[in-house]
There are 2 protein chains.
Amino acid sequence: MQGGSWNWYVLSVVTPSTGEAAPSLVAAQAGLHARVLDELGTAICSGQLAPGSVLYIDDLADQCAVSRSVVREVLRVLASMGLVDTRRRVGTQIRPASDWNVFDPQVIRWRLASADRIVQLRSLTELRTAVEPQAAALAAERATPDEASDLVGLAAKMWAAGKAGNEAEFLRLDIEFHRQVLLSSGNEMFVKLQELVAEVLTGRHHYALMPHYPDEHALQHHADVAQAIQRHDGERARDAMVHIMEQAMNEMRSIWERTGVPGRD
Amino acid sequence: MQGGSWNWYVLSVVTPSTGEAAPSLVAAQAGLHARVLDELGTAICSGQLAPGSVLYIDDLADQCAVSRSVVREVLRVLASMGLVDTRRRVGTQIRPASDWNVFDPQVIRWRLASADRIVQLRSLTELRTAVEPQAAALAAERATPDEASDLVGLAAKMWAAGKAGNEAEFLRLDIEFHRQVLLSSGNEMFVKLQELVAEVLTGRHHYALMPHYPDEHALQHHADVAQAIQRHDGERARDAMVHIMEQAMNEMRSIWERTGVPGRD
DNA sequence: CTCCTTGCATACGTCAGATTTATTGCTATA
DNA sequence: TATAGCAATAAATCTGACGTATGCAAGGAG
């Protein structure tokens with residue numbers, strides 16, 4: 001009805017049958033709002049809906065087989081994420097990627113599920129590389145004795161899991177260790193960042209991008225960080241964490257150099 | 001109607017007349033959605049609506065004098081920011097601050113307008129301290145010749161503005177300089193972070209929290225960063241930026257040590 | 001007395017229709 | 001050519017209705 005509309009077929013439930021690409025992480029009975037939100041968010045972050053494209057509420061309602069209320073609520077959420085911009089008399093326009101709230105967990109999930117996966121991975125890893133050493137230094141100043149003890153304990157368990165070759169357990173402990181460091185830093189934003197990183201780590205596992213194999217040096221560095229924090233030695237904690245980050249960065253680099261073009265699995 | 005309801009008066013348009021605290025940054029003719037969103041977001045981030053409190057759509061519609069549609073759309077946005085959680089048969093519950101998307105620009109604005117102002121300022125400054133040196137190092141690898149030249153030019157203009165005592169111009173150039181460094185780092189998340197920092201810097205100005213007075217050393221460090229980036233010397237760029245951040249951190253520290261209790265202006 | 005099942009009241013979820021309003025692009029006029 | 005007025009359009013808002021999951025409590029079985 002609204003003018004020439006726009007070729008919608010890209011949004012149908014095709015999920016190009018490339019296999020594991022999009023098993024639609026949103027359960028079927030999750031409610032219409034969540035379903036439509038996920039559909040549109042995925043379509044936008046994957047680039048299927050190019051920036052500048054215009055959507056119309058009534059069309060979307062028809063094509064998604066939901067009422068306008070649902071569509072409107074979805075668009076309001078997408079607008080708050082910077083993904084779209086809706087204006088009177090114009091419609092709802094897709095905004096360029098540079099406007100997106102790339103710190104929104106939801107946006108990160110959508111991008112991890114898209115061809116941008118590698119870019120997202122790289123950005124977050126670089127951010128992590130910058131933040132975690134600083135967090136370790138702050139934790140050395142602010143961690144309570146209990147927190148410090150927990151960290152030492154976690155490092156010990158990581159060592160055990162690494163020796164035993166228990167990969168799943170090691171991954172869990174690894175995430176927990178870094179979460180604890182960021183928690184002890186006393187900076188709420190660092191903590192939230194950890195949630196994003198955890199998203200990536202589990203996502204990395206889900207997309208089978210990188211098996212995590214612990215080595216001797218990494219284990220030692222984790223123990224060093226914990227010990228330095230317990231002894232309030234900020235500099236040593238920072239340096240040890242820098243080493244951990246360097247290794248993580250090297251592992252990541254091997255990923256995005258190996259997978260030449262995006263879109264590959 | 002819905003049970004004992006909840007004492008709503010805290011949300012009225014009181015804006016306690018303490019003066020400049022809340023001139024309601026949202027224009028009156030900004031639309032009902034924006035108005036209600038701002039009201040509720042402010043009330044939640046300020047703590048007037050304590051975590052665990054329960055709101056009801058119909059009550060909100062009455063008290064804000066808008067239709068349920070508007071309230072529902074607002075709540076959906078607040079839910080996507082992690083500020084509330086709405087469940088059937090229960091109502092809409094305020095979530096604890098640890099669940100908030102503290103990277104959402106809107107949330108940051110609300111928190112800057114609240115008593116949490118100092119906490120927000122500190123968190124972002126610490127984050128900035130962690131990120132910008134890394135960004136400078138990356139920029140030294142990735143900046144195009146044009147970008148590097150621009151940076152050198154900006155540093156020169158900052159020097160001129162600093163000498164001339166042109167404070168407003170200096171602030172503008174300062175923000176632009178750091179934005180350019182983060183842009184040249186080639187990391188989209190770093191760039192977004194800069195937008196948050198700019199939010200803080202202008203907010204800081206708006207709340208008269210800190211006059212920015214440039215000194216000789218700071219000017220030299222900015223010039224060093226620019227030059228190091230142009231010469232692809234990542235280590236020197238990182239070190240110079242660390243010095244800038246140390247100074248920024250010291251200035252901030254003087255703020256949140258001076259203003260003992262929050263709530264002071 | 002405890003535990004589990006069952007039924008009910010409740011507040012959100014979804015829908016459809018109507019009306020208002022802001023904005024854009026066109027057109028006619030100075 | 002520039003500007004002011006006009007008409008078309010799609011979002012913004014309101015309203016009333018019905019569906020539906022769910023927390024809670026009453027009641028029965030062990």
Side-chain angles (χ1 to χ4, degrees), chain A residues 1-8 26-41 44 49 52-95, chain B residues 1-8 26-41 44 49 52-95:
Chain A
M1 293 156 189
Q2 267 107 348
S5 183
W6 150 86
N7 49 348
W8 178 258
V26 169
Q29 36 85 278
L32 299 181
H33 177 79
R35 187 172 63 79
V36 175
L37 181 65
D38 196 61
E39 268 181 39
L40 278 178
I44 295 173
L49 289 172
S53 312
V54 177
L55 306 178
Y56 303 98
I57 291 182
D58 299 282
D59 290 351
L60 289 174
D62 288 348
Q63 284 142 359
C64 296
V66 296
S67 70
R68 292 197 319 275
S69 321
V70 173
V71 175
R72 284 187 54 76
E73 286 166 21
V74 165
L75 290 182
R76 280 254 136 96
V77 170
L78 290 175
S80 90
M81 293 173 175
L83 265 58
V84 304
D85 179 39
T86 139
R87 270 156 34 191
R88 276 186 144 118
R89 161 73 203 228
V90 173
T92 299
Q93 210 165 318
I94 312 292
R95 297 174 74 176
Chain B
M1 292 154 190
Q2 268 106 350
S5 183
W6 150 87
N7 50 347
W8 178 257
V26 170
Q29 36 85 277
L32 299 182
H33 177 80
R35 187 172 63 77
V36 176
L37 181 64
D38 196 61
E39 270 182 36
L40 278 177
I44 294 174
L49 289 173
S53 311
V54 177
L55 305 179
Y56 303 96
I57 292 183
D58 297 288
D59 288 352
L60 288 173
D62 288 347
Q63 283 143 0
C64 295
V66 296
S67 70
R68 288 181 327 231
S69 323
V70 173
V71 174
R72 284 189 53 79
E73 286 164 23
V74 165
L75 290 183
R76 278 258 138 92
V77 171
L78 291 175
S80 90
M81 293 172 175
L83 265 58
V84 303
D85 179 40
T86 141
R87 271 155 39 192
R88 275 188 144 113
R89 160 77 201 215
V90 171
T92 298
Q93 209 164 312
I94 312 293
R95 297 174 72 175

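Chain letters run A, B, ... following the sequence lines, proteins first, then strands; residues in each count from 1.
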Practice item. Output the distance between atom CD (A:E73) and atom CG (A:L78), rounded to the nearest 0.5 Å. Key: 12.0 Å
Review point. So how far off straight is the helix from C:dC1-D:dG30 to C:dA30-D:dT1, going by the axes through five pairs at either end, to 10°?
Key: 20°
Review point. A:S69 near the nucleic acid: base, sugar-phosphate alone, or nothing, with a heavy-atom cut-off under 4.0 Å?
Key: base
Review point. Between A:R88 (CZ) and C:dT19 (C1'), how many Å, whole number?
Key: 12 Å
**Study point:** 4.5 Å side-chain heavy-atom contact, B:I44 and B:V84
**Key:** yes
Review point. Is the shortest heavy-atom distance from the side chain of A:L40 to the side chain of A:L49 under 4.5 Å?
Key: yes
Point to revise | Whole angstrom value for the distance that separates C1' of C:dA22 from CZ of A:R89 | key: 10 Å
Point to revise | Spatial distance of atom CD (B:E39) from atom SG (B:C64) [nearest 0.5 Å] | key: 5.0 Å
Exercise for review: Check every strand shown and say whether B:R87 touches a base, only sugar-phosphate, or nothing at a heavy-atom separation below 4.0 Å.
Suggested key: sugar-phosphate
Point to revise | Nearest-nucleotide comparison on DNA chain C, the residue closer to the 5′ end among A:A65 and B:T92 | key: B:T92
Exercise for review: Calculate the interatomic distance between A:R72 atom CZ and C:dA16 atom C1'; express it in whole Å.
Suggested key: 15 Å
Review point. At what distance, to the nearest 0.5 angstrom, does CD1 of A:I57 lie from OG1 of A:T92?
Key: 5.5 Å
Exercise for review: Specify the separation, in whole Å, of atom CD1 of A:I57 and atom C1' of C:dC15.
Suggested key: 15 Å
Exercise for review: Can you tell me the distance, in whole Å, between the CD atom of A:E73 and the P atom of D:dT13?
Suggested key: 13 Å
Review point. CG of A:D58 versus C1' of D:dA12: gap in Å, rounded?
Key: 12 Å
Study note, to complete from the structure: Whole-Å distance, A:L37 CG to C:dT14 P, equals 12 Å
Check your understanding: Can you find a pair of side-chain heavy atoms, one from B:L37 and one from A:R76, that are under 4.5 Å apart?
Key -> no
Practice item. Using a cut-off of strictly less than 4.0 Å between a heavy atom of the residue and any atom of DNA chain D, enumerate the qualifying residues of residues 74-84 of chain B by number. Key: none
Point to revise | Heavy-atom check, side chain of B:L75 versus side chain of B:L60, under 4.5 Å | key: yes
Exercise for review: Please state whether the base of D:dG16 and the side chain of B:R68 form at least one donor-acceptor pair under 3.5 Å?
Suggested key: yes
Exercise for review: Can you sort out the partners of A:R88 under side chain to side chain contact (heavy atoms under 4.5 Å, CB included), two or more places apart, ordered by chain and number?
Suggested key: none
Review point. Quick one: B:D85 CG to C:dA11 C1', roughly how many Å, whole number?
Key: 14 Å
Point to revise | N/O (side chain, B:S67) to phosphate O (OP1/OP2, D:dC14) under 4.0 Å | key: yes
Practice item. Rounded to the nearest 0.5 Å, what's the gap from CD on A:Q93 to CZ on A:R87? Could you check? Key: 6.0 Å
Check your understanding: Taking the side chain of A:L32 as heavy atoms from C-beta outward, which of C:dC15, C:dG13, D:dA11 is closest to it?
Key -> C:dC15
